[in-house]
Amino acid sequence: MIAFVSGPVAAVAPDTAVIEVGGVGMAVQCTPATLAGLRVGQQARLATSLVVREDSLTLYGFADDDERQVFELLQTASGVGPRLAQAMLAVHSPDTLRLAVSTGDEKALTAVPGIGKKGAQRLLLELKDRLGEPLGSAVPGARSAAAPGWSDQLHTALVGLGYATREADEAVAAVTPRAEETVAAGGTPQVAQLLRAALQTLNRTR
């Protein structure tokens, strides 16, 4: 198993990062929030999980070991493959998922594209004793602060998740006041948090 990859970032796409390891470019599938913390040319270390299929080998990357562990635990539930598990982590941090499962928060799970009411109910039952309790009160999985072009990064992330350009435009507009409040308070908007807010907005409009 490849537990992690470490090296300079060679490229970043909407759903993939390429990390140079020993002269070899490793393509790693990542959530938009993880990708938002990467910069081409800078060093990065991603925890990884290798998914083996008959016709493919896919490496999934995460900001930390906790995310990877939750990614693998989610797949122990029936009907959850690596893509859906990654989508769940794109919408919610590991602790938010733990809290949702431990409190039976069906609405939190249906906020994930691809999970309906019945699917959420099944997941709550199957994952109840697997994810455990939240590890802390702080927002887990927070990435490094976004550069001034947070709106462009957020838009790219949403399109990478499969939303139409128009939907992405509307979602960015919906969370812009939140980002502006952060700037006014002297902070820097974080793409990871804005992405989750944008996805919740898109889910409500469907």
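Atoms considered below: every heavy atom in the structure, side chains included; atoms not considered: hydrogens, waters and symmetry mates.
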Student: How long is the gap from CD on Gln121 to CG on Leu125, to the nearest 0.5 Å?
Tutor: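 It is 8.0 Å, given to the nearest 0.5 Å.
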Student: Check Ala77 against Leu123 and note the closest heavy-atom contact, atom names and distance.
Tutor: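 Ala77 and Leu123 have their closest heavy atoms at CB-CD2, 3.7 Å.
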Student: Between Arg98 and Asp95 (salt bridge meaning N to carboxylate O under 4.0 Å), is one present in this structure?
Tutor: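 Yes.
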Student: For side-chain contact (heavy atoms from CB on, under 4.5 Å), just list the numbers for Arg53 and Thr58, CA-CA rounded to whole Å, side-chain angles, deciding distance to a tenth of an Å, and then say yes or no.
Tutor: CA-CA 8 Å; Arg53 295 286 185 267; Thr58 306; over 6 Å; no
Student: Applying side chain to side chain contact (heavy atoms under 4.5 Å, CB included), can you list everything that pairs with Val52, at least two apart in sequence or on another chain?
Tutor: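 Partners of Val52 by the side chain to side chain contact (heavy atoms under 4.5 Å, CB included) criterion, ordered by chain and then number, come out as Leu50, Leu57.
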Student: Sequence neighbours excluded, which residues qualify as salt bridge (charged side-chain N to carboxylate O under 4.0 Å, His left out) partners of Asp65?
Tutor: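 Scan of Asp65 (salt bridge (charged side-chain N to carboxylate O under 4.0 Å, His left out), adjacent residues dropped) gives Arg68.
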Student: Determine whether Leu59 and Val5 make a side-chain contact, defined as any pair of heavy atoms from C-beta on separated by less than 4.5 Å.
Tutor: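 Contact flag for Leu59/Val5 side chains = yes.
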Student: Say whether Val21 and Phe4 are linked into one hydrophobic cluster, either directly or through other cluster members, by side-chain heavy-atom distances under 4.5 angstrom.
Tutor: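 No, it is not one cluster - the side chains of Val21 and Phe4 are not joined through contacts under 4.5 Å.
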Student: Same hydrophobic cluster for Ile2 and Val18, using side-chain heavy-atom links shorter than 4.5 Å among ILVMFWY?
Tutor: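 Not linked; separate clusters.
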Student: Go through it in stages, so that I can follow the logic: the residues are Leu97 and Leu89, the test is side-chain contact (heavy atoms from CB on, under 4.5 Å), and I'd like the CA-CA distance, side-chain angles, deciding distance and then a yes or no.
Tutor: CA-CA 8 Å; Leu97 283 172; Leu89 285 166; 3.8 Å; yes
Student: Sort out for me which residue in Leu74, Leu131, Thr96 forms a side-chain contact (heavy atoms from CB on, under 4.5 Å) with Val101.
Tutor: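 Only one option passes, and that is Leu131.
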Student: How close do Pro32 and Ala90 get, counting heavy atoms only, and between which atoms?
Tutor: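 Scanning both residues, the minimum pair turns out to be CD-CB, 4.0 Å.
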Student: With sequence neighbours left out, write down each residue that passes salt bridge (charged side-chain N to carboxylate O under 4.0 Å, His left out) with Lys117, or none if nothing qualifies.
Tutor: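 With sequence neighbours excluded, Lys117 shows a salt bridge (charged side-chain N to carboxylate O under 4.0 Å, His left out) to Glu106, given in chain and number order.
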Student: When you compare the side chain of Pro113 with that of Val91, does any pair of heavy atoms fall below 4.5 Å?
Tutor: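 In contact.
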Student: Once you round to the nearest 0.5 Å, how far does OG1 of Thr16 lie from CE of Met26?
Tutor: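 So the gap between those two atoms works out to 13.0 Å.
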Student: Would you check, one step at a time, whether the test side-chain contact (heavy atoms from CB on, under 4.5 Å) holds for Arg39 with Val12?
Tutor: CA-CA 8 Å; Arg39 299 289 182 272; Val12 178; over 6 Å; no
Student: Can you tell if the side chain of Leu158 reaches within under 4.5 Å of the side chain of Leu199, non-hydrogen atoms only?
Tutor: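 Heavy-atom side-chain distance check passes, below 4.5 Å.
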Student: So if you build clusters from Ile, Leu, Val, Met, Phe, Trp, Tyr with side-chain heavy-atom gaps below 4.5 Å, do Leu124 and Leu127 land together?
Tutor: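 As far as the 4.5 Å side-chain criterion goes, Leu127 and Leu124 are connected within one cluster.
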Student: Apply the test side-chain contact (heavy atoms from CB on, under 4.5 Å) to residues Glu167 and Leu202: give CA-CA distance (whole Å), side-chain angles for both, the deciding distance (0.1 Å), then the verdict.
Tutor: CA-CA 7 Å; Glu167 291 178 309; Leu202 287 165; 3.9 Å; yes
Student: Kindly indicate whether the side chain of Arg196, heavy atoms from C-beta on, has any atom under 4.5 Å from the side chain of Ser93.
Tutor: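 They are in contact (side-chain heavy atoms under 4.5 Å apart), so the answer is yes.
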Student: With a 4.5 Å cut-off on side-chain heavy atoms, are Ile115 and Met88 touching?
Tutor: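 The answer is yes; the side chains approach within 4.5 Å.
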Student: Just so I know, are the side chains of Leu195 and Thr31 near enough to count as touching, which here means a heavy-atom distance under 4.5 Å?
Tutor: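 When only atoms from C-beta onward are counted, Thr31 and Leu195 do not touch, as no gap falls below 4.5 Å.
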Student: Check Val70 against Pro94 and note the closest heavy-atom contact, atom names and distance.
Tutor: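 Closest approach of Val70 to Pro94: CG2-CB, 3.8 Å.
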Student: Between Thr165 and His155, what is the shortest heavy-atom contact and its length?
Tutor: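 Looks like O-NE2, 3.6 Å.
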Student: Does the Thr76 side chain pair with the main chain of Glu72, one donor and one acceptor, at a distance under 3.5 Å?
Tutor: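 Checking the backbone N and O of Glu72 against the side chain of Thr76, no donor-acceptor pair under 3.5 Å is found.
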Student: Can you name the ring pair (Phe, Tyr, Trp, His ring centres under 6.0 Å) partners of Phe71, sequence neighbours left out?
Tutor: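 Result, ring pair (Phe, Tyr, Trp, His ring centres under 6.0 Å) vs Phe71: Tyr60, Phe62.
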Student: For Ala17 versus Leu38, what's the shortest heavy-atom pair and its separation?
Tutor: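 Smallest interatomic distance, heavy atoms only, reads CB-CD1, 3.6 Å.
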Student: So which heavy atom on Ile19 is nearest to which on Ser6, and how close?
Tutor: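 For Ile19 and Ser6, the tightest heavy-atom pair comes out as CG2-C, 4.1 Å.
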Student: Which pairs of donor and acceptor atoms, one on a side chain in residues 78-86, lie under 3.5 Å apart (sequence neighbours left out)?
Tutor:
residue: Ser78; atom: OG; partner: Arg122; partner atom: NE; Å: 3.3
residue: Ser78; atom: OG; partner: Glu126; partner atom: OE1; Å: 3.3
residue: Ser78; atom: OG; partner: Glu126; partner atom: OE2; Å: 2.6
residue: Gln86; atom: NE2; partner: Gln29; partner atom: O; Å: 3.2

Student: Go through the structure and list residues passing side chain to side chain donor-acceptor pair (under 3.5 Å) with Ser102, not counting sequence neighbours.
Tutor: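 Residues passing side chain to side chain donor-acceptor pair (under 3.5 Å) with Ser102: none at all.
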